[in-house]
Each structure stands twice: as structure tokens, then as C-alpha cells.
2 protein chains.
Amino acid sequence: MHERQAPITPAQPADPPPPQTRVDNAVRAITDHIHGQSLKVGDKLPSEARFAEWLGVSRTVIREAFKSLSAMRIIEMRAGRRAQVCGFDGSVIALSLTHALRTEQINPQQLWDARRAVETRTVALAAIRRSDAEARRLLALVAQMHDCVDDLARMTEHDIAFHVAIAEASRNPLFPVLVAALTSAMRETNPMVWRQRRDDESRQEVVHAHEAIAQAIADGDPEAASNALARHFDLASQGLVMAGFN
Amino acid sequence: MHERQAPITPAQPADPPPPQTRVDNAVRAITDHIHGQSLKVGDKLPSEARFAEWLGVSRTVIREAFKSLSAMRIIEMRAGRRAQVCGFDGSVIALSLTHALRTEQINPQQLWDARRAVETRTVALAAIRRSDAEARRLLALVAQMHDCVDDLARMTEHDIAFHVAIAEASRNPLFPVLVAALTSAMRETNPMVWRQRRDDESRQEVVHAHEAIAQAIADGDPEAASNALARHFDLASQGLVMAGFN
DNA sequence: CACAATCAACCTATCATACAAGTTATTTCC
DNA sequence: GGAAATAACTTGTATGATAGGTTGATTGTG
């Protein structure tokens, strides 16, 4: 009779841990190299052949290891030149989330809630830390949104740009990345929500919500910014329900 | 004289977009297949050979595409059996963040701030939505922390488990993933912070902060939970400064 | 000497083939 | 009918070859 707390995460049927392949080892060796040599963004890695020799495996193995790291945007590969350490962006996270959405492991509602958590902080920080140029830029972005309430694609891009711009003004490089990832993962579901707002008035309402956020940030009022953001997200949530997500 | 708004993101030297390789195409074809066939977690993919035939490329190309997707945990590969669609977990995000930390694209302070943003919401939601079993579990986890203030490794694992458990109680599957990712990315820097707290008293202080959070959640008091969390993060921030990050 | 064209060396992208080893479905034997 | 042997398939790795991109050195020229 084994005592054990009911685990929240239902102990998976526990496939025995997949045996480490040579590619796995190579991946570790390569990341260790990057870390060990303190390589920074843009630094070049040794060639595939070199690693193959060092690790005593075929180039095939190194190739797959490189590709793995390239997929995770840890390195960047291009024909002819040596791989180099890659800059940090949200695309991996975005892809991961997109896949989770498509396979119904999470739903849009939950994604919006995560955005709410993150952006509640970014707007507040932005209101405090934004530069004047950033304030102007936010207002300009909102102005542009007015012009494309009927162009779904452009609207979406402006929307993403707006929220990322706020995150940038928060002066924490992690936030633009997270916001970009969470937002762009919604690219596939957002159109359905937007289509719920048929009349112009209803659409302008959304733009006005953005306007209020931009204004509050420009005013340097974190409280007002949070409130405006909350209103924006409530609108979105309302749209989600109308579109049949819940 | 070209007019243009000063871009916040310093327009990179703009390498021309890397030409699409066959592997890139294969990756897209495979994800399209998953999406198109509405494959769900655990579903099997066609064999590498099949894809190679369909796309008219060598198995090498498909292999690297598979490995890419496997690195992003979109599929899972194991010798002998066909690849299957993979479940969503935070390990990709965690790896991405770890790499960003190591290459000094972000710093621990910023990571903590992102956690603060996310967890401020998870504790509040947990206080509202937690089941009784989850409340008991949280209190039990804290109790275990008392016993290992001198065992850095166990402490770290308990700490992560605690915060993830809260995120699970928030009933949004995205949150455990995000929290796990953000938390475990700190595995490398946390020890340095912890070592700043030499005396037992100072360490118990940290445990007590956790205790307060768990109690507030058990009491179903979101306000108190947020406050307790804020206190916990202030303590951590203080530790970061002592350890020389800022 | 500066500068541009040329070339050699190196590197990645892809292919074809081969074989070992792990999994799964089938068949065979008791 | 059930268990063991086996066939068919699949992934993991190796080898060797070639095409095409990149880079830096060389060379020729104004």
C-alpha cells in the first residue's frame, strides 16, 4: 500500500524516458560549447565537420543537432556560412502556442487571459517608463487603426504592433517577446471574433478602447492605463463569447 | 529624403530574408498535414519515407524537418515507431529563456518581473478557483519546504512545484506552462541568490512568504494572496540586489 | 596605392544508398 | 486460444558525392 498524494498532474503512463540518441548528445555538446565559450548573439560556431570530428560522430548527426537548435532559434543557419548564435525573439513561443491552440490543448479564452496578466503589467510600466517618442508612437498607431476598420489583415497587424509597442515601452525586453508571442498566436482565431462586429460603430468601439490605453500611457497614469486595458479585454472577451468560444 | 518614424526596434541591418530551403518547405508541409487532418495529441504521423515520396525530396530533408518539429516539441520521435503529435509543455519556452539569459539578452531581474506579472494573476485566480484538494496540496508543499532550507537542490524543486501548483489551481492550462518555463529558466541564477541568505532565520523568511501565499489561497482570499505574493517577490528582488544583479 | 574582378578554400544543402536496431503486425507452433 | 518466432516496417546513423553559397586571398588594373 503505497502512500502518495494525489498528483494534480495525472502521472502519465510514464513511458520510460526515451533513450538519449547521439543527436541529443550533440545538441547538449553544442549548447555547452556556446555557454562554455560565452558566445553572444552573432558569434560564429565551428563548422559541422569540426563538431563531427570532436564528437566522433557522422556529420549527419551534427546536422540534425544544428537543425534542432536552429528550430529553437538558438542558432541561425544559412547555406555557405557558419552558423551563428541567434537573437531572442518570440517566434518559438508563438509557434508553440499556435500548435497548442490547433490541437485544442488550450483555447483562445485562456490565451486572452494570459495576455491580460502580462499586459496589465506592461501598460502600467509603460505609463511610468515610456519616453516621449514612445508616447507619440502609440498615439500614432491608434490613429492608423481608425483608417482600417474594414481591412482585417491590416487591423490585425496594427493591433499587434500597438501592444508590442506598449511592451517595448515597459523597458523589459522580455515583455515585447511574450506579448508578440501571445498576440500572434491569436492570428488564426482573431478574425472570427472581429467578424462578429459587423457595424462600424461596434468596430470603432474597439479602436476607442485602444485609444484610451494610449492616452493613459501618454498621460503617465498607470492606474488609468490598467483600467483602460481591462475595458479592452472585457470587450474582447465579449467578442469571444459571441463567436462561440467559451 | 525618406520620411520615416524612428522605429523603436532598431531596424536590424535587415539581412535579406534567408531563402527558403527544402527543409523549411517540409516543415510547413508537415505542420499543414497535422493541422489539415486535425491531428490531436498522440496521433501518429505518416512515416518519413512517405513524406519524402509525397514531397519529392530525399529522406534526409524530411528527417531534418522532423527533427526541427521534434525540437519544438510539436512532434515526438522515437526509434522504430512513427512520430506522434506531442503534448504542450513549457520546456521549449524554458529553453528559449535559458538561452536568452545565458547570452545576456535578458537578465534575472527582468525574468522575475515577468513572473510577477503572470503570478499576480495566477494567485488571484487560484484563490477563487482552487479545489479543496489543491489547497491542501499547497499547504503540504510549503510544509515540505521547511525541511530543506539547507538543501539547495530540493528547495529549488519544491519552490518550482509550489508555484506551478498554484498555476494549476488557476484552471488555465497555459499558466502552469508559463510559470514552469519562467521558473525553471531561473535554475541557473537562483542558487546565487539563495546563497546570499546565510542564516537560518533569513531563509525561513522566504519559506514564510510562501506560507502566507498558500494560506491566502486556502482562505479563498485573492486580495491577500496578491499581497503575499508581492511580499515574496520583494524579498526575491532584495536577494537579487544582494547577489549583484540589478 | 586603392579598388575591383577573379579564384580558391571552405561551408552548408541535398541526395542516394546502406545497414543496425527498435516496434508492430503476422504467422506459426504448442 | 495463447505464446513465441518472424516478417515487415520504421527510425537512427554512417559514408560518400555533388551542387551551390560565402569568404577571404590573389591578382590585375587604373
Positive for side-chain contact (heavy atoms from CB on, under 4.5 Å) with A/Ile74, one of A/Ile34, A/Val85, A/Val27: A/Ile34

Polar side chain donor-acceptor pair, A/Thr156 to A/Asp159, under 3.5 angstrom: no

A/Arg73 side chain to A/Ser91 side chain, donor-acceptor N/O pair below 3.5 angstrom: yes

Interatomic distance where CG belongs to A/Leu45 and P belongs to C/dC11 [whole Å]: 13 Å

Separation of D/dT23 P from A/Arg81 CZ (nearest whole Å): 6 Å

B/Glu53 atom CD, neighbour heavy-atom count above 12 within 6.0 Å: no

Selection from D/dT10, D/dA14, C/dT12 that lies nearest to any side-chain heavy atom of B/Ser47: D/dT10

Protein-nucleotide distance (A/Glu64, atom CD; C/dT14, atom C1'), rounded to Å: 13 Å

d(CD, A/Gln84; P, C/dC11) in whole Å: 15 Å

A/Phe66 CZ - D/dT13 P separation (whole Å): 16 Å

Closest to side chain of B/Arg82, choosing from D/dT22, D/dT13, D/dT10: D/dT10

Distance, rounded to the nearest Å, where A/Arg78 contributes CZ and D/dT23 contributes C1': 14 Å

Within 6.0 Å of NZ in A/Lys40, more than 12 heavy atoms from elsewhere: yes

Residues which pass ring pair (Phe, Tyr, Trp, His ring centres under 6.0 Å) with B/Phe162, listed by chain and number, not counting sequence neighbours: B/His210

Atom-pair distance (CZ on A/Arg22; P on D/dT11), nearest Å: 19 Å

Donor-acceptor under 3.5 Å (B/Gln110 side chain, B/Asn107 main chain): yes

Contacting residues from residues 28-38 of chain A, given that a heavy atom lies under 4.0 angstrom of DNA chain C: none

Parallel, tilted or perpendicular: rings of B/Phe66 and B/Phe51 (30°, 60°): perpendicular

5' precedence on DNA chain D between A/Lys44 and A/Thr21 (nearest-nucleotide basis): A/Thr21

Nucleic acid contacts of residues 48-62 of chain A, taken as heavy-atom distances under 4.0 Å to DNA chain D: A/Val57, A/Ser58, A/Thr60, A/Val61

Pair A/Arg22-A/Asn25, side-chain donor/acceptor within less than 3.5 Å: no

